[in-house]
Amino acid sequence: MTDKELRKLSRTELVEIIYELQKQNESGAEEIKQLRMQLEDRTVAAESAGSIAEAALKLNGVFEAAQKAADQYVASVCASYGEIELRTAEANRECEQIISRAHEEAERIIGDANRQAEQKWVQFNQKVESLLSARAELREMLKKD
């Protein structure tokens, strides 16, 4: 998977990739456990074979195969981990940018709302003062009559 493809992945896809790698890690650990069990079985077989040299010749191929499998697995996990770290870092940067833009937009919206509220308050006060003034004038007029 190229860097461009990795950068286009969503956070959910990255989590799924991490989950798959963890499953591979677990299956690799299980495989290693099974290989160790086989190795123990072979050790018992080697002891019953009678000679160390004969057992070493029988087990040599098993050790080489197990080492190659373990080396391949470790290389695969390391490569995947590096890719995941890069994708996670990029996803974190994108998240920080999105959050920053959201905060800026929220502050702008709040500022607009406060300005509108202040304008409405001023208009309200003007109407109240106008009504009170009209009321006072009406009272004066009623007193004169």
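On a predicted model such as this, the values are computed, not experimentally measured, just so you know. Counting from 1, the numbers follow the sequence of the chain as shown.
Checked options Glu31, Met37, Lys33; the residue passing with Leu35 is Glu31 (criterion: side chain to side chain contact (heavy atoms under 4.5 Å, CB included)).
Put simply, CG on Leu138 and OG on Ser133 are 11.0 Å apart, with the number rounded to the nearest 0.5 Å. Separation of atoms CD1 (Ile98) and CZ (Arg93) is listed at 13.0 Å; rounding is to 0.5 Å. Here the OG atom belonging to Ser27 is positioned 12.0 Å from the CD atom belonging to Gln22, to the nearest 0.5 angstrom. Atom OG of residue Ser10 and atom CD of residue Glu94 lie 10.0 Å apart, to the nearest 0.5 angstrom. Rounded to the nearest 0.5 Å, atoms CD1 (Ile18) and OH (Tyr81) are 9.5 Å apart. Rounding to the nearest 0.5 angstrom, the gap separating the CD1 atom in Ile110 from the NE2 atom in His103 is 10.5 Å.
More than 12 heavy atoms of other residues, nucleotides or ligands sit less than 6.0 Å from atom CZ of Arg101.
Under the 4.5 Å side-chain criterion, counting only non-hydrogen atoms from C-beta, Met141 is not in contact with Lys144. Ile84 is listed as a side-chain neighbour of Ile17, based on a closest heavy-atom distance under 4.5 Å. For the pair Glu104/Ser100, a side-chain contact is recorded, criterion being any heavy-atom separation below 4.5 Å from C-beta on.
For the pair Arg87 and Glu90, the salt-bridge criterion is not met [side-chain N within less than 4.0 Å of a carboxylate O].
Heavy-atom minimum distance, Arg11 versus Cys95: NH1-SG, 2.7 Å.
Within the structure, every pair that satisfies the side chain to side chain donor-acceptor pair (under 3.5 Å) test and touches residues 110-119, not counting sequence neighbours, is listed here: Arg108-Asp112, Asp112-Arg115. Legend: side chain to side chain donor-acceptor pair (under 3.5 Å) pairs involving residues 66-80, not counting sequence neighbours, sorted by first then second residue: Asn25-Tyr73, Gln67-Asp71.
If you chain together ILVMFWY residues whose side-chain heavy atoms come under 4.5 Å of each other, Val128 ends up grouped with Trp121, Phe124, Leu132.
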